[in-house]
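So the structure is just underneath, and the comments pick up after that.
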Amino acid sequence: MRSRIASSIRNYLDDNGFLDIETPILTRATPEGARDYLVPSRTHPGQFFALPQSPQLFKQLLMVSGLDRYYQIAKCFRDEDLRADRQPEFTQIDIETSFLDEDQIMDISETMIRGAFKEHLDVDLPEFPRMTHKEAIYRYGIDRPDLRISMQLVDIADLMKEVEFKVFNAPANDPASRVVVLKVDGGSELSRKQIDEYTDFVGIYGAKGLAWVKVNDIDAGIEGLQSPILKFMPDDVVASVLERAEAKSGDILFFGADKAGIVNEAIGALRVKLGEDLDMLECEWAPLWVVDFPMFEQDEKDGSLTSVHHPFTAPSCTPEELEAAPAAALSRAYDMVLNGTELGGGSIRINKPEMQQAVFRVLGIEAEEAEEKFGFLLNGLRYGCPPHGGIAFGLDRLVMMMTGSQSIRDVIAFPKTQSASCLLTDAPGTVNNKQLRELNIRLREQPKAESAESDGGSE
RNA sequence: GGGGGUGUAGCUCAGUUGGUUAGAGCGCUGGCCUGUCACGCCAGAGGCCGCGGGUUCGAGUCCCGUCACUCCCGCCA
């Protein structure tokens with residue numbers, strides 16, 4: 001299946017004038033935020049190659065050079081911990097084009113994915129709706145909503161400003177916080193034990209608790225409700241909440257009140273978990289595009305800004321507007337999401353040096369540092385660079401979803417374990433002192449006794 | 001770095017309150033049958049119960065430690 005999907009994607013891109021161009025594996029750090037895998041250089045003592053986290057810089061240089069339709073099924077490397085849908089060595093369908101805007105790139109991509117589903121699963125995916133990042137967070141608490149589940153987060157902070165219940169009124173009066181209600185159809189069947197389990201579940205995202213109201217009989221007013229928190233709220237507030245949540249008999253309402261980030265993650269995850277546990281998936285495939293991402297996100301600790309996508313993503317405003325209000329700036333980035341999984345994402349890139357420098361300034365990257373790290377790209381922009389943009393899809397994730405696999409490792413021929421080792425080859429392994437000497441490397445800590453024995457004779 | 005789950009035959013798993021020779025299905029070996037083709041019947045081989053320690057008359061089962069795999073949080077788009 002993986003082989004056939006890759007093949008049909010190649011055919012599609014070949015037929016549409018894309019050139020398959022390989023890019024180096026031994027290279028420099030690329031601008032994604034993950035840890036790099038490093039490879040020591042023998043010919044340059046003390047220096048290291050980095051394995052690419054993506055071919056990002058190379059594909060942009062191809063656009064500078066005038067090759068206006070590039071693709072590659074490329075290996076990418078990010079030295080971070082694994083998940084069911086993540087391993088440190090993975091494969092991207094990497095695409096870049098010149099002279100196309102975001103709508104055209106999304107069209108090409110959508111056609112490609114829809115074609116793959118039709119050809120291999122005989123599934124006709126619906127037209128992909130578009131949702132802004134803001135709306136996704138607001139309604140689903142996450143930037144990759146699973147639209148198979150229709151439940152949504154409903155804000156009620158305005159109703160809770162005056163209630164004498166600190167858990168609710170404090171966040172309700174704090175602009176950085178959020179108070180939401182999640183109505184679960186038929187959820188009043190849940191037992192106390194199950195509710196406790198969901199309370200524990202939201203706890204792993206930092207939520208301090210999970211308030212709830214069972215709606216036993218909507219027509220019986222307060223008497224028809226069952227909840228530990230009713231005593232803290234005036235009847236008219238309760239009535240307003242029920243109305244806004246469109247509650248009916250047999251439902252349960254869950255509440256989240258905390259810092260916005262915690263509420264979004266906790267109740268957003270709860271939404272999906274309830275949807276799965278209670279069998280509330282309304283369709284098999286729910287794709288969408290998420291657009292209008294913010295340019296930057298703020299570090300919670302030191303307040304510094306980092307790119308939401310990567311620092312070459314074009315904003316949808318001028319350099320002046322960007323520098324005046326960076327936190328409010330939106331980017332020309334787009335993510336394809338299927339069933340709550342990000343399948344791919346991309347953006348229109350910056351093609352003017354002034355804009356690129358403005359972004360670096362906002363990110364706190366000195367001109368000198370920018371020149372040292374990305375000088376070859378900046379030079380390209382100075383020589384004149386066509387407007388361009390692209391997208392990259394996680395091939396492993398795509399195949400995983402199309403085959404109904406639970407783990408990315410089920411669709412990778414020689415997968416790494418969760419600790420990023422290979423059981424088959426026993427990699428990574430120790431190397432002997434001769435190799436280390438050639439590379440000008442001395443280990444800070446000697447290997448454990450048994451592996452040290454193998455020094456000098458592991459061939 | 002933190003929390004949870006799992007580890008029993010080649011594979012997938014069961015093993016009740018601690019109790020005799022640790023079981024099933026599939027696979028494998030041998031035999032029988034056969035118009036078979038995901039055959040059927042009979043017999044058989046195959047298990048340091050992840051590893052180390054402890055409690056106990058007695059541990060697959062309880063306790064402590066350790067290792068591996070896995071899911072999640074952190075991290076990572």
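Chain identifiers are assigned alphabetically (A, B, ...) following the order of the sequence lines, protein sequences preceding nucleic acid strands; residue numbering begins at 1 within each chain. This is a predicted model, so every value here is computed, not measured. Hydrogens, waters and symmetry mates are skipped; everything else that's a heavy atom, side chains included, is used.
Base-pair partner of G30(B): C42(B) (Watson-Crick or G-U wobble, both distances under 3.5 Å). When both pairing distances are held under 3.5 Å, C48(B) makes no Watson-Crick or G-U pair with any nucleotide shown. Pair assignment for U17(B) gives none, since no Watson-Crick or G-U wobble pairing has each distance under 3.5 Å. With both pairing distances under 3.5 Å, U36(B) is matched to nothing as a Watson-Crick or G-U wobble pair. Here U55(B) sits opposite no nucleotide as a Watson-Crick or G-U wobble pair (both hydrogen-bonding atom distances under 3.5 Å).
Between G65(B) and G3(B), the two P atoms lie 12 Å apart (nearest whole Å). Comparing the same atom, C1', in A22(B) and in G47(B) gives a spacing of 8 Å after rounding to whole Å. A distance of about 14 Å separates the C1' atoms of G60(B) and C51(B), rounded to the whole Å. When the P atom is compared between G50(B) and G15(B), the two are found 15 Å apart, to the nearest whole Å. The P atoms of G27(B) and G40(B) are separated by 8 Å, rounded to the nearest whole Å. Comparing the same atom, P, in A45(B) and in A38(B) gives a spacing of 30 Å after rounding to whole Å. Nucleotides C42(B) and U61(B) place their C1' atoms 35 Å apart, quoted to the nearest Å. If you take atom C1' in C13(B) and the same atom in C72(B), they sit 25 Å apart, rounded to whole Å.
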Its contact letters, B for base, S for sugar-phosphate only and - for none at protein heavy atoms under 4.0 Å, make nucleotides 65-72 of chain B read ----SBBB

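The main-chain N or O of Arg35(A) is found under 3.5 Å from a side-chain atom of Glu80(A) such that the two form a donor-acceptor pair. Listed for the Asn16(A) side chain is a donor-acceptor partner under 3.5 Å among the backbone atoms of Tyr12(A). In this structure, the side chain of Gln194(A) engages the main chain of Ser191(A) through a donor-acceptor pair within 3.5 Å. A donor-acceptor pair under 3.5 Å is formed between the side chain of Asn351(A) and the backbone N or O of Cys385(A). No donor-acceptor pair closer than 3.5 Å links the side chain of Glu110(A) to the backbone N or O of Asp107(A).
Note on Arg86(A): a base of the nucleic acid sits closer than 4.0 angstrom, heavy atoms only. Gly394(A) comes within 4.0 angstrom of nothing in the nucleic acid, heavy atoms only. Using a 4.0 Å heavy-atom criterion, one finds that Asp335(A) contacts no nucleic acid atom at all.
With sequence neighbours left out, the side chain to side chain donor-acceptor pair (under 3.5 Å) criterion links Glu89(A) to Lys75(A), Lys416(A).
In this structure, CG of Asp143(A) is placed 13 Å from P of A77(B), rounded to the nearest angstrom. Taking atom CZ of Arg397(A) as the reference point, atom P of C76(B) lies 14 Å away to the nearest angstrom. Nucleotide A77(B) holds its C1' atom 17 Å from the CG atom of Leu395(A), rounded to whole Å. Atom-to-atom, CD of Glu80(A) to P of C75(B) comes out at 10 Å; the value is rounded to the nearest Å. Computed from coordinates, the Asp81(A) CG to G1(B) C1' distance equals 9 Å when rounded to whole Å.
Of all heavy-atom pairs between Pro145(A) and Arg271(A), the closest is C-NH2, 4.5 Å. Between Leu322(A) and Pro315(A), the closest heavy-atom pair is CD1-CB, 4.0 Å. When all heavy atoms are compared, the tightest approach of Gly390(A) to Tyr334(A) is O-OH, 2.8 Å.
A side-chain N or O of Ser8(A) and one of His120(A) form a donor-acceptor pair less than 3.5 Å apart.
Residues from residues 262-275 of chain A with heavy atoms under 4.0 angstrom of RNA chain B, sorted by number: Glu265(A).
Using a 4.5 Å heavy-atom threshold, the side chains of Asp20(A) and Tyr71(A) count as touching.
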